[in-house]
Amino acid sequence: MAAASQYADGSWGDQCAVFAENMIAAAGGPRIFLGNDPAGYQAAWAGWCTEQTWQTVAAGDICQWYDPSGAYSQMHTAIMTSGGSPDTATVVDSNFGTPLNQELVHRGSWSSRNVCFHEGTYKFWRVN
């Protein structure tokens with residue numbers, strides 16, 4: 001969380017998965033590639049992370065959305081800044097709700113990100 005806290009809202013953060021990868025490495029974690037490939041998204045994460053639930057999610061965990069139901073598969077990655085419940089959890093992320101070339105850092109509620117995806121299309125992960 002200390003590494004992610006150094007980024008002000010509106011600063012450049014890169015693509016969402018790259019932002020999370022860089023924050024993991026900055027915190028002393030492994031240099032991993034989370035990827036943006038829908039098929040690889042699910043398989044690769046399980047090799048580096050342990051899945052969490054609302055009961056165990058904590059600041060520093062990662063939320064990964066993957067919603068294949070639309071015309072284009074939608075994906076997003078955010079770092080949890082607080083857990084608790086869908087109503088109270090917060091995140092920091094990059095490249096959410098901005099034009100493609102504006103890969104900017106933003107903080108907000110978990111529910112504001114989740115509203116863009118179909119119900120149940122998210123997982124919480126803790127890097128091993």
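Separating the NE2 atom in His106 from the CZ atom in Phe19 is a distance of 10.5 Å, to the nearest 0.5 Å. Here Glu103 contributes atom CD and Gln15 contributes atom CD; the two are 4.5 Å apart, rounded to the nearest 0.5 Å.
Between Leu104 and Ser94 the shortest side-chain heavy-atom distance does not fall below 4.5 Å. Val105 is listed as a side-chain neighbour of Val92, based on a closest heavy-atom distance under 4.5 Å. Between Trp54 and Pro86, some side-chain heavy-atom pair lies under the 4.5 Å cut-off. For the pair Glu51/Phe124, no side-chain contact is recorded, criterion being any heavy-atom separation below 4.5 Å from C-beta on. Side-chain contact between Met80 and Ile62 is absent, with no heavy atoms from C-beta onward closer than 4.5 Å.
Side-chain contact of Asp61 with Gln52: a donor-acceptor pair under 3.5 Å is absent, judged by distance alone. Defined by atom type and a distance below 3.5 Å, a donor-acceptor pair is present between the side-chain atoms of Trp65 and Asn114. For the residue pair Asp93/Thr77, the side-chain donor-acceptor check at 3.5 Å is not satisfied.
Under the 4.5 Å side-chain heavy-atom criterion for grouping Ile, Leu, Val, Met, Phe, Trp and Tyr, Met23 is not connected to Ile32 through any hydrophobic cluster. No continuous path of hydrophobic side-chain contacts links Phe96 to Ile79 [ILVMFWY only; heavy atoms under 4.5 Å].
Among all heavy-atom pairs drawn from Gly83 and Thr88, the shortest one is O-OG1, 3.5 Å. Of all heavy-atom pairs spanning Ser112 and Cys116, the tightest one is O-SG, 4.3 Å.
Residues Tyr66 and Tyr122 keep their aromatic ring centres 6.0 Å or farther apart.
Applying the side-chain hydrogen bond (donor to acceptor under 3.5 Å, both in side chains) rule to Thr90 yields the partners Thr81, Ser82; only residues at least two apart in sequence or on another chain are considered. Partners of Arg107 by side-chain hydrogen bond (donor to acceptor under 3.5 Å, both in side chains), not counting sequence neighbours, listed by chain and number: Asp9. Scanning for side-chain hydrogen bond (donor to acceptor under 3.5 Å, both in side chains) contacts around Asp87 gives an empty result, with sequence neighbours left out.
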Could you walk me through whether Thr121 and His76 pass the side chain to side chain contact (heavy atoms under 4.5 Å, CB included) test, one step at a time?
CA-CA 10 Å; Thr121 57; His76 188 60; over 6 Å; no

Does the pair Val18 and Glu21 meet the rule for a side chain to side chain contact (heavy atoms under 4.5 Å, CB included), with working shown?
CA-CA 5 Å; Val18 173; Glu21 292 166 6; 4.2 Å; yes

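Within 6.0 Å of OH on Tyr7 lie no more than 12 heavy atoms contributed by other residues, nucleotides or ligands.
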